[in-house]
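Residue numbering restarts at 1 for every chain, and letters A, B, ... go by the order of the sequence lines.
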Amino acid sequence: MSLATTESVAEIKARNKQLIDEVLKVYPEKTAKRRAKHLNVHEAGKSDCGVKSNLKSIPGVMTIRGCAYAGSKGVVWGPIKDMIHISHGPVGCGQYSWAARRNYYIGTTGIDTFVTMQFTSDFQEKDIVFGGDKKLAKIIDEIQELFPLNHGITIQSECPIGLIGDDIEAVSKVKSKEYDGKTIVPVRCEGFRGVSQSLGHHIANDAVRDWIFDKVSPEAKPAFEATPYDVAIIGDYNIGGDAWSSRILLEEMGLRVIAQWSGDGSLAELEATPKAKLNVLHCYRSMNYISRHMEEKFGIPWCEYNFFGPSKIAESLRKIASFFDDKIKEGAERVIAKYQPLMDAVIAKYRPRLEGKTVMLFVGGLRPRHVIGAYEDLGMEVVGTGYEFGHNDDYQRTAQHYVKDGTLIYDDVTGYEFERFVEKIQPDLVGSGIKEKYVFQKMGVPFRQMHSWDYSGPYHGYDGFAIFARDMDMAINSPIWKKTKAPWKDAPRPSLMAAE
Amino acid sequence: MTQNAEHVLDHFELFRGPEYQQMLANKKALFENPHDPAEVERIREWAKTPEYREKNFAREALTVNPAKACQPLGAVFVAVGFEGTLPFVHGSQGCVAYYRSHLSRHFKEPSSCVSSSMTEDAAVFGGLNNMIDGLANTYNMYKPKMIAVSTTCMAEVIGDDLNAFIKTAKEKGSVPAEYDVPFAHTPAFVGSHVTGYDNALKGILEHFWDGKAGSAPKLERKENGRINFIGGFDGYTVGNIREIKRIFELMGIEYTILADNSDVFDTPTDGEFRMYDGGTTLEDAANAIHAKATISMQQYCTEKTLPFIAGHGHEVAAFNHPVGVSATDDFLMTLSRITGKPIAKALEQERGRLVDAMADSSAHIHGKKFAIYGDPDLCYGLAAFLLELGAEPTHVLSTNGNKAWAEKMQALFASSPFGKNCHAYPGKDLWHMRSLLFTEPVDFLIGNTYGKYLERDTGTPLIRIGFPVFDRHHHHRYPVWGYQGGMNVLVKILDKIFDEIDKNTNVPAKTDYSFDIIR
């Protein structure tokens with residue numbers, strides 16, 4: 001089925017280049033010039049993927065990207081479970097992002113935990129005209145009265161806040177004082193800032209630095225006694241339980257996880273993180289900023305890891321262990337050995353069904369590279385990938401450690417481009433988001449949402465890989481894809497590229 | 001280790017094993033700084049009390065779990081109801097990602113829409129260049145027949161003028177001068193998604209009828225006897241509009257559906273992605289001015305559109321999301337009166353079947369108490385249906401309902417002996433509803449997917465009717481309008497009632513004497 005496997009790398013490269021030229025033809029000249037810089041065919045040995053990234057999206061092209069608010073409230077802050085996150089501004093932003101990201105947590109929602117709730121200042125015209133600071137102050141009072149067990153409050157700015165000149169920092173300070181130094185964090189993540197979710201991550205990281213770390217007295221002792229094996233998980237949002245199926249491996253190898261950022265996380269964990277001996281960083285894109293800050297300020301080293309698929313998991317466990325003594329190194333080997341039979345069984349079951357299948361990805365800032373190893377563990381091949389909001393350092397990592405020669409690369413892909421690429425390349429699977437899912441399924445192409453795990457998961461860790469393998473198999477080998485053409489219609493023509 | 005290749009455990013079961021349970025307990029105890037469980041329990045109980053309810057209802061600034069969205073969502077919903085039309089939302093791009101996701105999660109369908117992707121510089125200088133480039137790109141890439149423009153709150157706060165911007169963009173050659181680019185200002189800080197529906201539909205009709213923003217002569221109405229039909233913002237648009245078409249055809253009425261998005265939200269999987277499908281043709285949209293009358297199924301979705309249409313000489317009639325026997329009777333009799341066509345025999349039979357079904361099942365619904373929340377018209381339609389079933393719509397709450405709506409609801413309650421103890425709650429949210437359900441319990445709750453949190457916390461069984469419904473599939477394909485739609489609603493309600501009866505009577509040797517086979 002896969003065309004890629006029947007062609008040489010040179011042929012694939014030529015085809016992909018031709019494809020890029022073809023899609024660029026649809027654009028007005030100025031736009032074509034700009035989009036050309038975001039599309040490329042990867043050349044092995046190059047230090048990056050040869051595309052520009054983290055630039056403004058072009059008006060009217062149907063970018064898949066979101067905004068800074070989505071990056072802060074939706075990604076970084078929203079999962080902190082014992083704090084109340086106010087979507088500050090009109091009702092929509094909080095409504096559309098309400099419980100949409102499956103950041104799992106344990107807690108009594110509405111009493112001591114608040115992740116799957118939508119707190120909003122529901123701005124009306126008078127708030128725009130007269131400013132919303134007084135309303136915000138009152139909101140904080142009402143939260144304190146009705147939700148007394150909250151451990152803190154964040155103010156997630158929507159577009160109007162920065163435009164009407166509200167001073168949410170002043171309100172936060174006054175209210176914090178009024179409530180005995182309560183943690184109240186103003187976040188300037190207005191949706192018009194920056195070019196994507198990415199700036200929202202950065203702003204959210206900076207808010208942790210300025211309004212959490214800087215408020216903790218250096219002498220303050222954490223509630224627990226430190227050990228030499230204390231680590232913090234940074235950049236795991238516990239989607240479908242990802243952070244849990246990761247944490248369990250770190251603990252099994254002898255480490256102690258003192259904080260989770262931010263899936264199933266709490267304010268106390270954020271505050272305690274500077275006591276960690278090592279920060280282990282999964283989503284580099286969204287939390288490298290705070291990791292670098294902790295390195296500079298507290299001298300905590302950080303280490304990127306990848307818990308998708310047994311090859312990368314083993315590599316990562318050994319890399320993390322290398323920061324510790326032999327006890328931990330042995331622990332890593334013990335964990336790898338313990339799960340080997342499970343991994344062998346999963347691969348024995350699913351690889352024969354998936355061998356040689358091709359995948360095209362388009363996800364956020366990490367998974368376009370991170371999941372490639374997991375597909376390869378199953379004998380599958382990623383033939384195209386791109387980031388919604390990656391930066392050049394993401395494309396460097398992609399080029400140097402993940403993609404093969406000739407892979408089609410598309411940064412901030414437009415709806416039109418993605419559709420044409422998939423139509424011509426005919427991969428066996430597309431992995432992207434909810435806005436893309438039904439487009440490709442209509443085309444008869446199997447699809448998995450790779451932001452939300454399509455309501456499944458976890459996919460991280462050894463336990464997660466079994467689920468990942470099962471899900472990819474059920475997507476690709478669902479009998480429904482054989483029924484998209486009515487039997488009385490002509491047999492489908494071979495794809496245009498194959499005919500050429 | 002609980003995971004195994006033969007029977008793969010995912011999040012439903014994986015974390016229930018002892019390894020994970022121990023891990024999570026340790027995490028909480030050591031690192032989360034948890035509250036004393038007794039204190040959590042005390043607050044949890046306190047939040048159920050009348051005292052808490054009083055504080056909760058005294059809120060003046062904070063909104064918690066509202067049941068409404070913002071204007072542009074409604075504008076996008078309208079735009080895709082016109083043939084080959086791409087919605088273009090002027091402002092920040094993240095908003096568009098949200099509307100598309102929201103609609104896709106409900107309909108399980110693609111949702112196409114573009115943004116003018118305004119950022120900091122546009123915030124300072126205005127978004128004119130974004131409009132110029134954006135329209136040109138959209139026009140060239142997606143070849144729409146029409147681009148319908150609306151706004152996010154960002155563009156509204158900085159005061160971008162759509163009329164002027166679109167004119168300039170045309171002068172700059174973004175799209176041909178005669179190309180249709182209707183527009184509507186849809187500030188998110190005014191009203192809700194139903195307001196956006198209203199503004200966008202009015203904007204499109206104004207464009208076609210009133211001279212395309214000064215670029216064409218205004219149309220002169222020549223009455224042609226047809227009927228315009230406006231559905232309003234409706235999570236059941238696919239099933240409802242198809243049902244309405246069937247009804248019109250049964251009665252031999254010539255009609256135009258204004259904003260017919262029933263096909264674009266229900267395209268086949270046959271190897272082809274249809275960015276556009278079906279929809280009201282632009283010609284029909286223009287010719288709709290010549291209709292004899294215009295009917296709106298949802299008054300609060302057309303508060304500006306209907307007066308605008310009436311101003312062009314139409315007879316107009318508005319309903320409140322009619323569900324059930326009497327509301328459908330009214331709808332059909334109005335149709336019949338306006339068109340002079342008799343109500344079709346087939347519909348009369350369907351009416352009889354619905355009455356028959358209600359009579360058969362009445363004993364199980366009669367006297368049951370319901371809480372309802374949702375858009376103002378939907379709430380009204382469902383409450384009226386419950387009243388004619390002999391049930392009591394005890395709490396009816398609409399976050400985007402206003403005082404006039406509440407008065408209308410109270411008048412409805414006053415019209416029925418079953419409405420005696422019923423109350424309407426305008427402008428309230430689902431945290432208010434939580435207090436209502438604890439302090440004045442009801443038997444069932446009707447609302448959208450988010451009602452599942454209320455079901456979990458208060459134990460009130462949820463019947464999913466509304467928008468959005470994310471966690472149940474395909475219900476949008478079935479109508480809730482017409483007698484057949486009433487039948488669907490009746491069955492939905494009955495299924496839940498019977499499930500609950502079974503659930504409450506299935507303990508062997510304790511309660512299962514009532515676990516009856518025949519009900």
Query raised in the report: Backbone N or O of G271(B) within a donor-acceptor pair of the K442(A) side chain at under 3.5 Å?
Result: no

Query raised in the report: Is N65(B) reaching over with its side chain to a backbone N or O of M117(A), donor-acceptor style, under 3.5 angstrom?
Result: no

Query raised in the report: Is the backbone of P66(B) close enough, under 3.5 Å, to the side chain of Q95(A) for a donor and an acceptor to pair up by distance?
Result: yes

Report summary line: Okay, S115(B) and chain A: the region with an atom under 4.5 Å from a heavy atom over there is backbone

Report task. Tell me, for E272(B) versus chain A, whether the close heavy atoms (under 4.5 Å) come from the side chain, the backbone, both or neither. Result -> backbone

Query raised in the report: Roughly how far apart are Q93(B) CD and S196(A) OG, rounded to 0.5 Å?
Result: 7.5 Å

Query raised in the report: Between S92(B) and C67(A), does a side chain to side chain contact (heavy atoms under 4.5 Å, CB included) hold up when you go through it step by step?
Result: CA-CA 8 Å; S92(B) 302; C67(A) 64; 5.6 Å; no

Requested in this report: Kindly indicate whether the side chain of M23(B), heavy atoms from C-beta on, has any atom under 4.5 Å from the side chain of W244(A).
Outcome: yes

Report task. Evaluate the side-chain proximity of Q3(B) to I467(A): yes if any heavy-atom separation is below 4.5 Å, no if none is. Result -> yes

Requested in this report: Let me know if Q71(B) has heavy atoms under 4.5 Å from chain A in its side chain, its backbone, both or neither.
Outcome: neither

Query raised in the report: So F147(A) and W431(B), would you call those rings parallel, tilted or perpendicular, with 30° and 60° as cut-offs?
Result: tilted

Report summary line: Answer key: most heavy-atom pairs under 4.5 Å with chain B among E158(A), Q197(A), K349(A), E252(A) is K349(A)

Query raised in the report: Quick one: are R456(B) and T109(A) in side-chain contact, heavy atoms under 4.5 Å?
Result: yes

Query - Residue D429(B) versus chain A: region with a heavy atom under 4.5 Å - result: neither

Requested in this report: With a 4.5 angstrom heavy-atom cut-off, could you sort out which part of T63(B) is near chain A: side chain, backbone, both or neither?
Outcome: both

Query raised in the report: What heavy-atom pair brings N4(B) and L342(A) nearest, and what distance separates the two atoms?
Result: CA-CD1, 3.6 Å

Query - Y98(B)/S97(A) under side chain to side chain contact (heavy atoms under 4.5 Å, CB included): CA gap, chis, key distance, verdict - result: CA-CA 7 Å; Y98(B) 278 144; S97(A) 57; 3.7 Å; yes

Query raised in the report: From I58(A) CD1 over to D133(B) CG, what is the distance, rounded to the nearest 0.5 angstrom?
Result: 8.5 Å

Requested in this report: Check the pair C159(A), T152(B) against side chain to side chain contact (heavy atoms under 4.5 Å, CB included), reporting the backbone distance first and the verdict last.
Outcome: CA-CA 9 Å; C159(A) 287; T152(B) 77; 5.8 Å; no

**Report entry** A188(B), part contacting chain A, at a heavy-atom distance under 4.5 Å
**Finding:** both

Query raised in the report: Among K483(A), R256(A), M343(A), who wins on heavy-atom pairs under 4.5 Å with chain B?
Result: R256(A)

**Report entry** Polar contact flag, side-chain donor to acceptor under 3.5 angstrom, S104(B)-K437(A)
**Finding:** no

Query - Closest-packed option against chain B by number of heavy-atom pairs under 4.5 Å, given W453(A), Y455(A), F119(A) - result: F119(A)

**Report entry** Minimum heavy-atom distance between G66(A) and A97(B), given as atom pair plus value
**Finding:** CA-CB, 4.2 Å

**Report entry** Any R470(A) side-chain heavy atom under 4.5 Å of D10(B) side chain
**Finding:** yes

Query - Toward chain A, the part of S112(B) with a non-hydrogen atom under 4.5 Å - result: both

Report task. Answer yes or no: is there a donor N or O on one side and an acceptor on the other, between the side chain of Y104(A) and the main chain of H11(B), under 3.5 Å? Result -> no

Query raised in the report: Checking heavy atoms, do the side chain of R274(B), its backbone, both or neither come under 4.5 Å from chain A?
Result: neither

Report task. Examine whether an atom of P268(B) lies under 4.5 Å from a heavy atom of chain A, and if so say whether it belongs to the side chain, the backbone or both; otherwise answer neither. Result -> backbone

Query - Close side-chain approach of W46(B) to P148(A), heavy-atom, < 4.5 Å - result: yes

Query - 4.5 Å side-chain heavy-atom contact, L149(A) and V40(B) - result: yes

Query raised in the report: Roughly how far, to the nearest 0.5 Å, is the CZ atom of R44(B) from the CG atom of D112(A)?
Result: 10.5 Å

Query raised in the report: Does E120(B) reach the main-chain N or O of G194(A) with its side chain, forming a donor-acceptor pair under 3.5 Å?
Result: yes

Query raised in the report: If every non-hydrogen atom of V157(B) is compared with every non-hydrogen atom of I164(A), which pair is closest and at what distance?
Result: CG1-CG2, 3.8 Å

Query - chain A contact via M141(B) - side chain, backbone, both or neither, heavy atoms under 4.5 Å - result: both

Report task. Compare all side-chain heavy atoms of N33(B) with those of L267(A) and state whether any distance is below 4.5 angstrom. Result -> no

Query - Y142(B) (side chain) donor-acceptor with G60(A) (main chain) under 3.5 angstrom - result: no

Report task. Count the heavy atoms of every other residue, nucleotide or ligand shown that sit under 6.0 Å from NZ of K108(B), and state whether that count exceeds 12. Result -> yes

Report task. Take K489(A) and D270(B), measure what side chain to side chain contact (heavy atoms under 4.5 Å, CB included) needs, and give me the verdict at the end. Result -> CA-CA 11 Å; K489(A) 293 270 184 193; D270(B) 59 359; over 6 Å; no

Report task. For the residue pair M62(A) and M275(B), establish whether any side-chain heavy-atom pair is separated by less than 4.5 Å. Result -> yes

Query raised in the report: At what distance, to the nearest 0.5 angstrom, does CD of E156(B) lie from CD of E125(A)?
Result: 9.0 Å

Query raised in the report: Between the side chain of E60(B) and the main-chain N/O of E142(A), is any donor-acceptor distance below 3.5 Å?
Result: no

**Report entry** Contacting region of Y453(B) [heavy-atom separation from chain A under 4.5 Å]
**Finding:** side chain

Query raised in the report: Hey, mind stepping through K27(B) and E269(A) against salt bridge (charged side-chain N to carboxylate O under 4.0 Å, His left out) and telling me if it holds?
Result: CA-CA 10 Å; K27(B) 175 181 184 293; E269(A) 290 168 73; 2.8 Å; yes

Report task. Counting only heavy atoms closer than 4.5 Å, note whether V8(B) contacts chain A via side chain, backbone, both or neither. Result -> both

**Report entry** Segment of L86(B) engaging chain A (4.5 angstrom heavy-atom cut-off)
**Finding:** side chain

Report summary line: Nearest heavy-atom contact between I248(A) and E19(B) is CD1-CB, 3.8 Å

Query raised in the report: Contact part of I132(B) toward chain A, heavy-atom cut-off under 4.5 Å: side chain, backbone, both or neither?
Result: neither

Query - Smallest separation among heavy atoms of A99(A) and Y450(B), with atom names - result: CB-CE2, 4.4 Å

Query raised in the report: Between A223(A), G457(A), G92(A), G433(A), which shows the greatest number of heavy-atom pairs under 4.5 Å with chain B?
Result: G457(A)

**Report entry** Max heavy-atom pair count under 4.5 Å with chain B, selected residue of I143(A), D122(A), L146(A)
**Finding:** L146(A)

Query raised in the report: Do you know the tightest heavy-atom contact between Y20(B) and D463(A)?
Result: OH-OD2, 2.6 Å

Query - Option that, when pairs with chain B are counted at under 4.5 Å, heavy atom only, ranks first among Y69(A), Y416(A), Y96(A), Y462(A) - result: Y96(A)

Report summary line: dist L30(B):CG -> I258(A):CD1 (nearest 0.5 Å) comes out at 11.0 Å

Query - Other residues, nucleotides, ligands: >12 heavy atoms within 6.0 Å of K143(B) NZ - result: yes

